[in-house]
Amino acid sequence: MNVVLATPHPRCVYFSFFSERLNRRTDVVSVTPWLAPIVWEGTFDPVLIDKIYKPMNLTIATTVFAVGKYVRFLQDFLETAEKHFMVGFHVRYYIFTDRPHDVPSVNLSQGRHLSVIQVPGSNRWQEISARRMEFIQTTIERQIRREADYIFCLDVDSKFHAHWGSESLGRLVAVIHPGYYEQSRDRFPYERRLASTAYIPMDEGDYYYGGAIIGGFVEDVYTLTKVCRTRFEEDAGNSIEAAWQEESHLNRYLLDNKPSKVLSPEYLWQDIKAKIKQVKVIRFSAVIKNNAEVRPNV
C-alpha cells in the first residue's frame, strides 16, 4: 500500500510517498518528529514518484553563485548536473557571478536553460555568503516566480554523482549537514548570542541544516530568503554577524518553520569525509579545495 499526502498549490501538488513495497531502512531515522520524510536511499520508489511528477510539466529553478575564483567549479557542477540532477524535467540554471565572461559553455539537454546574472564581487567571502539571500529574493521577484514551480539553491563548489530527482521535491526542503549528522544537539554550531536574530538556545533545535542546499516551492523559498535577509540586515544594523552567516539564519528560520521534507546527507556529502555505512549512495558532494586559495579572505 502507498500512502499519498497532497497539499494544494496553484501550479503544482506536493506528494509524499511511504511505500510498503520498499525494503524498510532500520539503520536510519526516515521521518522527523513532525512527520516529514527524511529521504534516504531505500525509502522511496523513484519510478512511482516520477510517474506522478513528470506529467505535471514542472520547471525547476536552480541558483548557484560563482563569485571570484569559485567560477572554476561551474564546469563540473553543470556537467554533472546534466547527468544526474532532475533528469527529464525542465531546469533553469541561474548563475550569479562577477565574471560572466568566464562562465563555461556546457551542452544542455532539451528543456534546460541557463541565465547569467551579474553580481558584485567582494573582498570577504562572508559578505558573499550573507548577500546570497538578498540576490535570490530579488531574482525570484523579478524573474524566477514567472519561470519555475520549484527552486533549489545550491553551492557551486560541489558536483553530482548519482540520481537526484523528484523524490527531493517538497514545499520547503532542507538537508542535514553531513558534519553534524551523528552529533548531539549541544554540538551544533548554531548562533548562540542572544543579541542575534539567528539565536537558538542550547535546549532547542531539531537538526543542523546545511546552507549549501535550500529548496521547495518558489514562493516558500521566497518567504525564507526575505525573512533571512531582513534578519541579517537587522543584525548588521546592530554590528552583529551571525556565526555562519546565512546558514545560521537558515537554521533559525527552519526551527520556526519546519521543512516539509528533509534530505539525508546523501544529498550533501563532503569529499574530505570518509563515507559512513548509512550513506548507501552519495548523490551530491562538496569537492576538496584549498579555501585559502579560492576565498578572498579566510
* Taking the side chain as every heavy atom from C-beta outward, state whether E182 and I276 have any atom pair closer than 4.5 Å. => yes
* Look only at the side chain of D45 and the backbone of V47, and say whether a donor-acceptor pair between them is shorter than 3.5 Å. => yes
* To do: Please name the residue in the list W244, Y180, Y181 that meets the ring-ring contact (aromatic ring centres under 6.0 Å, His included) test with Y208.
  => Y180
* Taking it one step at a time, do F152 and M86 satisfy side-chain contact (heavy atoms from CB on, under 4.5 Å)? -> CA-CA 11 Å; F152 279 98; M86 293 294 173; 3.8 Å; yes
* D203: partners by side-chain contact (heavy atoms from CB on, under 4.5 Å), with sequence neighbours left out -> P201
* Counting distance only, does the side-chain N/O of T80 pair as donor-acceptor with the main-chain N or O of F77 below 3.5 Å? -> yes
* Verdict with reasoning, Y150 to F217, per ring-ring contact (aromatic ring centres under 6.0 Å, His included) -> CA-CA 4 Å; Y150 289 91; F217 286 155; 5.0 Å; yes
* To do: State plainly whether one hydrophobic cluster holds both F89 and I52, where clusters connect Ile, Leu, Val, Met, Phe, Trp and Tyr through side-chain heavy atoms under 4.5 angstrom apart.
  => yes
* To do: Enter the distance from L224:CG to L254:CG here, rounded to the nearest 0.5 Å.
  => 6.0 Å
* To do: Output all residues satisfying side-chain contact (heavy atoms from CB on, under 4.5 Å) with V175, sequence neighbours left out; order by chain, then residue number.
  => I213, L263, Y267, L268
* To do: Could you please spell out the steps behind the side-chain hydrogen bond (donor to acceptor under 3.5 Å, both in side chains) verdict for Q245 and H249?
  => CA-CA 7 Å; Q245 295 78 40; H249 288 282; over 6 Å; no
* To do: Determine whether I60 and I151 make a side-chain contact, defined as any pair of heavy atoms from C-beta on separated by less than 4.5 Å.
  => no
* Asked: If we only count heavy atoms from C-beta on, is the F44 to I49 side-chain gap below 4.5 Å?
  -> yes
* Asked: Which atom names give the shortest non-hydrogen contact between S158 and A286, and what distance separates them?
  -> OG-CA, 3.8 Å
* For K261 and L169, indicate whether the former's side chain and the latter's backbone hold a donor-acceptor pair under 3.5 Å. => yes
* Summary of salt bridge (charged side-chain N to carboxylate O under 4.0 Å, His left out) pairs that have at least one residue in residues 265-279, sequence neighbours excluded -> E266-R283
* Asked: So do the side chains of V116 and T97 get within less than 4.5 Å of each other, counting heavy atoms only?
  -> yes
* Would you mind reporting whether F85 and T62 have side-chain heavy atoms less than 4.5 Å apart? => yes
* Treat each ILVMFWY residue as a node, draw an edge where side-chain heavy atoms are under 4.5 Å apart, and state whether L108 and V87 are in one component. => no
* Going by an N to O cut-off under 4.0 Å, is there a salt bridge joining R231 and D235? -> no
* Asked: Can you tell me how far CG of D256 sits from CG of N251, rounded to the nearest 0.5 angstrom?
  -> 11.0 Å
* To do: Would you please test V262 and V39 for side-chain contact (heavy atoms from CB on, under 4.5 Å) and show each step?
  => CA-CA 6 Å; V262 176; V39 185; over 6 Å; no
* Asked: Take atom NZ in K280; do more than 12 heavy atoms of anything else shown fall under 6.0 Å from it?
  -> yes
* Asked: Side-chain contact, heavy-atom cut-off 4.5 Å: Y253 with Y209?
  -> no
* Evaluate the side-chain contact (heavy atoms from CB on, under 4.5 Å) criterion for residues H84 and W164: first the C-alpha distance (whole Å), next the side-chain angles of each, then the deciding distance (0.1 Å), finally the verdict. => CA-CA 6 Å; H84 302 294; W164 176 330; 5.6 Å; no
* Taking all atoms of both residues into account, what is the closest heavy-atom pair of G170 and V173, and its distance? -> N-CG2, 3.6 Å
* Ion pair E134/R131, N-O distance below 4.0 Å -> yes
* Hey, is CZ on R187 packed in by over 12 heavy atoms from elsewhere, all under 6.0 Å? -> no
* Do T225 side-chain atoms and Y222 backbone N/O form a donor-acceptor pair below 3.5 Å? -> yes
* Donor-acceptor contact present, side-chain E191 to main-chain R193, <3.5 Å -> yes
* Out of curiosity, does V28 fall in the hydrophobic cluster containing V281 (side-chain heavy atoms, cut-off under 4.5 Å, transitive links)? -> no
* To do: Check the surroundings of atom NZ in K54: do more than 12 heavy atoms from other residues, nucleotides or ligands lie under 6.0 Å from it?
  => yes
* To do: Indicate yes or no for a side-chain donor-acceptor contact from R146 to the backbone of R142 under 3.5 Å, with no hydrogens or angles considered.
  => yes
* Any chance you could measure L250, atom CG, to F232, atom CZ, to the nearest 0.5 Å? => 14.0 Å
* Asked: Do any N or O atoms from the side chain of R25 and from the backbone of E41 form a donor-acceptor pair under 3.5 angstrom?
  -> yes
* D27 CG: over 12 foreign heavy atoms closer than 6.0 Å -> yes
* To do: Drop me the distance from Y207's OH to R185's CZ, to the nearest 0.5 angstrom.
  => 11.5 Å
* **T59 side-chain N/O to V91 backbone N/O, donor-acceptor pair under 3.5 Å** => no
* Asked: Do the side chain of W40 and the main chain of Q278 share a donor and acceptor less than 3.5 angstrom apart?
  -> no
* **Shortest non-hydrogen separation from E246 to R132 and the atoms involved** => OE2-NH2, 3.2 Å
* Asked: Given side chains that start at C-beta, do those of H90 and R92 come closer than 4.5 Å, heavy atoms only?
  -> no
* Asked: Going by an N to O cut-off under 4.0 Å, is there a salt bridge joining R145 and E141?
  -> no
* Does a side-chain heavy-atom distance below 4.5 Å link Y199 with S248? -> no
* To do: Heavy atoms only: give me the nearest V67-F96 pair and the separation to one decimal.
  => CG2-O, 4.1 Å
* To do: Output yes when a side-chain donor or acceptor of S260 lies under 3.5 Å from a complementary backbone atom of R171, and no otherwise.
  => yes
* Step by step, would you call R252 with T197 a side-chain contact (heavy atoms from CB on, under 4.5 Å)? -> CA-CA 8 Å; R252 176 69 249 187; T197 58; over 6 Å; no
* What heavy-atom pair brings R112 and E82 nearest, and what distance separates the two atoms? -> NE-OE2, 2.6 Å
* Verify side-chain hydrogen bond (donor to acceptor under 3.5 Å, both in side chains) between Y190 and E247, making sure each step is shown before the conclusion. => CA-CA 9 Å; Y190 292 145; E247 188 171 82; over 6 Å; no
* Asked: Just how far is it from atom OG1 of T63 to atom OH of Y93, taken to the nearest 0.5 Å?
  -> 12.5 Å
* **Nearest-0.5 Å distance that lies between atom CD1 in I282 and atom CZ in F160** => 14.0 Å
* To do: Can you see which heavy atom on I144 is nearest to which on A61, and at what distance?
  => CG2-CB, 3.7 Å
